[in-house]
Colleague: 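Below: one structure in structure tokens.
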Amino acid sequence: MAEIIKAIKGTCDVMPDDSYKWQYVEQTMLNTALLYGYREIRIPVFEHTEVFSRGVGDTTDVVQKEMYTFDDKGGRSITLRPEFTAGVVRSSIENGLVNGTLPVKACYIGGCYRYEKPQAGRLREFHQFGIECIGANTPAADAEVILLANQVLSDIGIKNLSLEINSIGCPTCRAEYHKALKAYFADNSEELCGTCKDRLERNPMRILDCKSPVCKGIAEGAPVVLDFLCDECKEHHAQLQAHLDAAGLKYTVNPQIVRGLDYYTKTVFEFVSGDIGAQSTVCGGGRYDGLIAQLGGPAVQSVGFAMGLERLMMVLGAQNAEFPEKATCDIYFAPMGENEQVFATKLCAILRAEGFEALSDINGRGLRAQLKYANKIGAKFTCVLGEDEVKCGILRIKNMQNGEETEVNAENIVEDFYKLINTLALDNLTESMF
Ligand code: ATP
Ligand code: MG
């Protein structure tokens with residue numbers, strides 16, 4: 001036998017029996033985003049590497065260590081998207097959206113690729129849902145984006161998340177903060193990890209985001225960004241809180257949150273779960289006022305977030321969240337011979353055109369094996385087709401829940417099958433009432 005080929009480390013398959021959960025979560029996200037005016041944007045999985053090196057920032061872990069970058073056959077440097085924001089901004093500039101009616105409100109769902117050490121909640125291919133609000137610079141925009149994230153998380157059934165917000169200032173006040181951070185960390189530079197030694201020179205704020213326990217420990221005593229905010233950033237931060245308070249959304253201000261990507265300015269935030277261990281941030285976002293200009297667009301300010309679907313599924317699993325029932329086969333036709341199989345194909349075609357999941361034998365199995373199969377897949381109704389059924393067109397449709405059989409004329413199959421399916425819905429309703 002040929003050797004089995006395994007999936008790439010850090011990737012996951014979703015099986016046909018489980019995908020309904022993903023579909024439910026993704027559809028809910030898109031529906032909720034629509035309530036805030038966000039419509040889906042679809043962008044390529046790969047971009048010119050420069051989109052990310054310039055967009056995400058070349059002092060970030062993502063760009064320095066985690067990107068899947070390769071030369072294509074034409075010798076161009078290509079990168080699989082490690083996140084969506086830079087690509088969405090690239091696309092909004094290229095397609096002229098940023099020069100049109102603002103804000104541009106776009107949401108997305110899809111795979112992201114990062115060369116990270118795989119562990120629970122940290123994959124090499126993972127999926128994000130996110131939104132970008134491009135061309136709005138008010139605290140009200142930040143608040144709307146955070147409220148949307150909160151509603152998405154609650155609509156998919158997640159409970160017990162905490163929201164943490166911070167402001168990391170604008171380039172003006174951050175310059176002062178960087179100076180203070182450099183001075184602080186320079187005193188402890190011997191103990192910092194190799195990466196952080198490098199960060200100290202190029203981007204000291206990144207040290208606050210380091211996952212090494214030693215660096216984390218040192219960072220605890222570091223100067224706090226909120227003490228360095230300029231008047232405008234301070235006011236923005238205060239106004240955001242006024243909006244969140246008005247909407248009744250609880251949060252804590254956590255000055256340690258700096259987020260992993262370089263493009264953030266002013267507001268940053270995270271939703272964190274206590275239910276899934278170390279990789280606990282399920283949603284991260286913030287304001288990125290400089291990014292559009294950095295990627296060649298006009299000076300318009302923006303805000304957005306991204307959430308990791310795998311981590312959300314882990315939380316839903318840990319919380320035993322309920323999903324809507326999985327769809328099962330509406331009717332299974334069990335033909336006893338070849339002629340009957342042709343008749344089954346016709347009946348299936350008629351019912352599928354009406355939107356029913358109608359199946360029949362395609363393996364040439366015997367009747368017993370067919371009915372066993374129908375049972376296994378949870379068919380709601382079955383219908384055995386023999387010579388008589390084909391000849392007279394009178395079908396006996398069996399309700400698999402209570403064993404009841406109903407005679408139906410093949411001529412009226414659509415109308416009569418609607419009635420049968422409706423009785424089933426009614427039965428279930430009365431059952432759940434008692
Ligand atoms: P972390 O600090 O966990 O590495 P990050 O700051 O790199 O996260 P972002 O780039 O802001 O994360 O991505 C937003 C969200 O995408 C994260 O909050 C998380 O839910 C998810 N995510 C990021 N990286 C991964 C990964 N390697 N595997 C699974 N989910 C991820
Ligand atoms: Mg990361």
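Order of listing sets the numbers, starting from 1, for every ligand and every atom in it.
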Colleague: Examine L123 against ligand 1 and note whether any of their N/O atoms are separated by less than 3.5 Å.
Modeller: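 Yes - when backbone and side-chain N and O of L123 are compared with those of ligand 1, one distance drops under 3.5 Å.
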Colleague: Using a 4.0 Å heavy-atom cut-off, say whether R259 meets ligand 1 through its side chain, its backbone, both or neither.
Modeller: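 Near ligand 1, R259 shows its side chain, while the N, CA, C and O stay back.
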Colleague: Out of Q279, E310, E270, R311, who is nearest to atom 8 (O) of ligand 1 when you count heavy atoms only?
Modeller: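 Shortest heavy-atom distance from atom 8 (O) of ligand 1: R311.
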Colleague: Answer with yes or no after comparing the ring centroid distance for F305 and F271 against a 6.0 Å cut-off, counting only values under it.
Modeller: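 When the ring centroids of F305 and F271 are compared, they turn out to be at least 6.0 Å apart.
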Colleague: Should the proximity of R122 to ligand 1, defined as any heavy atom under 4.0 Å, be assigned to the side chain, the backbone, both, or neither?
Modeller: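 The part of R122 near ligand 1 is both the backbone and the side chain.
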Colleague: Using heavy-atom distances, let me know which of H127, R114, Q128 sits nearest atom 12 (O) of ligand 1.
Modeller: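 Comparing heavy atoms across H127, R114, Q128, the nearest one to atom 12 (O) of ligand 1 lies in R114.
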Colleague: Return the orientation label for the Y177 and F228 ring planes: parallel under 30°, perpendicular over 60°, tilted otherwise.
Modeller: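 Correct class here is tilted.
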Colleague: Show me which atoms of ligand 1 lie under 4.0 Å from any heavy atom of T281.
Modeller: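 The atoms of ligand 1 under 4.0 Å from a heavy atom of T281 are 17 (C), 18 (O), 19 (C), 20 (O).
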Colleague: Compute the ring centroids of F269 and Y251, then answer whether they are less than 6.0 Å apart.
Modeller: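 Between Y251 and F269, which both carry aromatic rings, the centre distance is not below 6.0 Å.
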Colleague: Using a 4.0 Å cutoff against the non-hydrogen atoms of V282, which atoms of ligand 1 qualify?
Modeller: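 Under 4.0 Å from V282, ligand 1 has these atoms: 18 (O), 20 (O).
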Colleague: Taking the basic N atoms (NZ, or NE/NH1/NH2) and the acidic carboxylate oxygens, is any pair closer than 4.0 Å for K380 and E357?
Modeller: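 Salt bridge absent between K380 and E357.
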Colleague: Heavy-atom pairs closer than 4.0 Å: do any link ligand 1 to the side chain of D61, the backbone, both, or neither?
Modeller: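 Neither part.
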Colleague: Applying salt bridge (Lys or Arg N to Asp or Glu O under 4.0 Å) between D61 and each of R206, R199, R114, report the one that passes.
Modeller: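 Single salt bridge (Lys or Arg N to Asp or Glu O under 4.0 Å) partner of D61 among R206, R199, R114: R199.
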Colleague: For ligand 1, which atoms have a heavy atom of G308 less than 4.0 angstrom away?
Modeller: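 Answer, ordered by atom number: 15 (C), 16 (O), 20 (O), 21 (C).
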Colleague: Between the main-chain N or O of S91 and the side-chain N or O of N95, is there a donor-acceptor pair closer than 3.5 Å?
Modeller: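 At least one qualifying donor-acceptor pair exists.
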Colleague: Would you mind listing which atoms of ligand 1 come within a distance below 4.0 Å of any non-hydrogen atom of K211?
Modeller: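 What qualifies from ligand 1 is 1 (P), 2 (O), 4 (O).
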Colleague: Mind telling me whether Y20 and F323 have parallel, tilted or perpendicular rings, with 30° and 60° as the class edges?
Modeller: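 Plane angle over 60°, so perpendicular.
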